[in-house]
Amino acid sequence: MNAPNASGWKPGTPEAPAGESGIQTVTGNRGLMLEEPLIFEIGGADTCGVDFASPLPLAGGAIDTPSPNPSRRREGDRLGGLARTEPIGLPGLSEPETVRHYTRLSRQNYAIDCGIFPLGSCTMKHNPRLNEKVARMPGFADLHPLQPESTVQGALGVIDELARWLLALTGMHAVAMSPKAGAHGELCGILCIRAALEARGDARSVILVPESAHGTNPATAAFAGYAVENIPATAEGRVDLAALKARLSPDVAAVMITNPNTCGLFERDMKAISDAVHAAGALVYCDGANFNAIVGRVRPGDLGVDAMHINLHKTFSTPHGGGGPGSGPVVLSEALAPFAPLPFVRKTEGGWELIEEEDGIDAAPESFGRMTAFHGQMGMFTRALAYILSHGIDGLRQVSGDSVLNANYTLRSLDGVLDAPFGSTGPCMHEALFSDEGFAEGIATLDVAKALIDEGFHPMTMYFPLVVHGAMLVEPTECESKASLDQFILALRSIAMRAKAGDESLHQAPRLAPRRRLDETLAARKPVLAWNEADPVD
Amino acid sequence: MRYLPLTDADRSAMLDVIGAQSIDALFADVSPEHYLSGPLEGLPTHASEMAVERHMRRLSKMNLAAADAPFFLGAGAYRHHIPASVDHLIQRGEFLTSYTPYQPEIAQGTLQMLFEFQTQVARLFGCAVANASMYDGSTACWEAIAMAGRVTRRSKVLLSSGLHPHYVSTAKTMARFNGDEVNYSEPKLSPAGDFVELAQAVDGEIGSVVVQYPDILGRIDDMTALAEACHAAGALLVAVVTEPVALGALKSPGEMGADIVVGEGQALGVGLQFGGPYLGLFAIRDAKHVRQMPGRLCGETIDAEGKRGFVLTLSTREQHIRREKATSNICTNSGLCALAFSIHLTLLGEKGLRALAAENHRLACRAADRLAEVPGVEVLNEGFFNEFTVVVPGDARQLVRDLAEQGVLAGVSLGRLYPDGDRRENGLVVAVTETVTEEDIETLASALEEALA
Amino acid sequence: MPRYFTEDHEWIDIDGDSAKIGITDYAQEQLGDIVFVEVPAAGTQLAKGKEAAVVESVKAASDVFTPVSGTVTEGNAALEADPGLVNTAPESEGWFFKLTIADTGELDGLMDEGKYKDFVASL
């Protein structure tokens, strides 16, 4: 079998004596930490937290005025004989119960609003509330995507204004705004590449991806019909340019590079990589997840990139919302611009127009088609534009500067404490990478992460990238104060010392969170994915 | 700048610790010809909240919001009243600014919510298992087609003419790249859909048949016989629901034998938002296919002290582990929208959803009857839930534009959805939800009367 | 019944032209708790060194390769209900699949138990 478990991660649920985490209470609640049942255990079929407007009487007083033309009025069933006969099985709660339920649930979550959220490559920066206010302006929020263009000019204007900013910041030629998230944007970029190659009669079959790449990269390439091969890295954690050049041949369609890469390092040879790839007739896809490190300071267009997705929920602060929604616009080079998907917004004399399938025949004859219903994540566009306008170009430059400063400060403050495999190659970018080198036997990165929880922090990204054993990837973002960083570094230093000393109590962490370590093996062996009356209640 | 906490003193102290002269020095790996040493020219500098708000408000005022006009648009996005608590709850920082629950000990809020959401969706659809959401209905639809392809190992797909044209377009784009053969023709303006024809056409080469319920013209058809025909041929039936409120009044696709049920959850909790972010719903009738499902799944388990808890599970299907062999490349779900949907549905409950559906249908019947009285207007549908098609003399698309100028948002013309004409240009899809008043119906009818006179 | 091992941590028991294949104790230990195993169906043709089965733990999925070419006669049905057998009995009840060997010459080059133990020690 191939290398069993290359990352080194193994789950385990340590047995904990009951009541170890403290005092027993009758309710199971502990002060402000409240237990909360499922809605199915609280609500019922007869409870409802919504009142319905009674129909107001029309002129004449009758509530249900019959149509003046009786022959037009249909009798009986107009639901095609398909009226529901079985109950659905949905519980209802009154408004106070609903508000309590979700408030209590929310308090079991860590969030950026609570503290540093140092997840490498996720860019968990502050989510400004101005963004929320702007997104909710009725002229944006209460607009149907298929309204006549004359009634949505301001919305189209927002999309166009954001698009222009993204083009200016990346130095690229065109931008596809419709992809719904980063991975969707990756697919868009790869499909543009495929369409471009097919258009010149040169369909190729392989895409090269560094071993350190995010999993969406090979998944996307495979989904788009390509065979995926790895590009090795140098001892300095960057793409091995010589090895890449050796592999480039007429069967290679593209390379997918992340820059800065997932080890938190700037690819010094990026331009040379692009030049070599282009010379071989292939194209360069850049994963823009780490754009926060270089926004306002480096333009991917200057480095020869052909397509790059931008995660608006990373660099441009749109909220992560517990896992989504995201938004993944894709900037494109001149070579790929003609293949961009429909629909898109175009400036006209008097305003803006939306180019859909009908106009696409003339306006974008080589577009590879539509990727999704409607036009894109408008709710994220308004938020991102508000963020960009708030920062301005000087503020955005400061964003990348401070994010890189914070990461390097973290890296150097942990010198001699945690092993940094590439620490000696120079400064890192916006994230710092550590390994589990030096941990005592039996102590893993997982234990360090869980111990951080007890100290009041969300752990850093663990076991990614796969190329470093027990990887810990720390991205503070520019939104952490020095005091906040110092506190995090203090906690991490203490835990790292315990890890090196072989402190077994780390296996018991977390002890203070709403839940101890959860049995993921049980969840995978015997999946319970929906609530069932028959299931035993604990 | 108000979002950046570091002071110059901080920066200085930190650079000392690092041993660098300046922040620019930290970018030493960037070659000088590519490093922008100052702000890009021609772009505005930072702005106050007030200035940004003013700029954005000006743009928002250029639009005609649905609340400011009699509003009858549907066609895949529906306007319903969202109770006030929903928006407040989703803006709690612990929901809004939290991440994917990869550290379950400190994410039980998100995980329990997802488990409840999955259960609600599965029940609504008449299915065994639902996932933790996808980007939207159209991408959920093509993911369902891809899944059916994996399960049946067949690459031919039949799309009903009643499927939303954007969903068709999306499916065709994906098929172009993965080699699937997609069969589809645009809908005829008739009261009946094409389920009978589809049942006759399905054979041993078909991986999936995809239908919409209610369909793009608002028609409702029984898919039981079609499901049987699919199963007899070894194909899977995929049902698409773009208006989940309809399931408060109608039988679920799962009950009628659909194998994969997908949909757009935007109608509950999420709002119109000019097209996104929306909420993809994805469920399977039979749990045996669960390992072929795309997207995140939340499962129940216990913690080290034996307490019930929830975790993301069956992760080995996903991109971060399976990489090129993943069931999908999807990474994010539509978490915050799933939360909004779930809260709205919790407030409604069984009773409320049924009442809401009944009210929608009642008003739609009122509107259909009133519009049928307008000279020249013909209601196409025999059956419908809250959306139906009318046929007008002349170009419905121009009619919609003209009425918009008068401040009436009359519906979605078939000319907008199917630009290549063929008598469909006279069709207009009208949606009537509980947000529509009797007055609005009268305004629309009068406006049509005048325009068609 | 002779047993051989591969550098990819598969073991193979030979009985005439039949073989039984599984993964070693070292492999299961590295993987952690096994949650799911996908075994090949009877009748599947396998080529030496190619993927034959998939074994999943909570956070990893690994391909299992077949040490020899042949036709599958049986996949271990017990693993569906109890994938944990691979952890508790990897080199006995936790076997993956049986096949009819196409070419016994392919057995040359496989390690015996002693060589495999040395190999693991060197990792």
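Residue numbering restarts at 1 for every chain, and letters A, B, ... go by the order of the sequence lines.
- B/L356 touches chain A through backbone and side chain together, each having a heavy atom under 4.5 Å away.
- Only the backbone of A/A224 comes within contact range of chain B, with heavy atoms under 4.5 Å apart.
- If you measure heavy-atom distances from A/L119 to chain B, the contacts under 4.5 Å come from the side chain alone.
- A perpendicular orientation is assigned to the rings of B/H164 and A/F374, their planes being inclined by more than 60° (bins at 30° and 60°).
- Considering every non-hydrogen atom in both B/R308 and A/R515, the closest pair reads O-NE, 2.8 Å.
- By the 30° and 60° cut-offs, the orientation of the rings of B/Y99 relative to A/H320 is perpendicular.
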For this session: Could you give me the CA-CA distance, side-chain angles and deciding distance for B/S85 and A/Y102, then say whether side chain to side chain donor-acceptor pair (under 3.5 Å) is met?
Result: CA-CA 10 Å; B/S85 352; A/Y102 291 99; over 6 Å; no

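- A pairwise comparison of heavy atoms in A/G89 and B/R123 identifies O-NH1, 2.9 Å as the closest pair.
- At a 4.5 Å heavy-atom cutoff, the contact between B/M1 and chain A is made by side-chain atoms alone.
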**Request:** Would you sort out whether A/I88 and B/L247 count as a side chain to side chain contact (heavy atoms under 4.5 Å, CB included), showing the intermediate values?
**Result:** CA-CA 9 Å; A/I88 307 168; B/L247 297 177; 5.8 Å; no

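- Within the 4.5 angstrom heavy-atom criterion, atoms from both the backbone and the side chain of A/T382 approach chain B.
- Interface summary for chain A: among B/M14, B/Q273, B/Q108, B/R176, the most heavy-atom pairs under 4.5 angstrom belong to B/M14.
- A donor-acceptor contact shorter than 3.5 Å links the side chain of B/T97 to the backbone of A/D113.
- Counting heavy-atom pairs closer than 4.5 Å to chain B, the top residue among A/R299, A/E357, A/H313 is A/R299.
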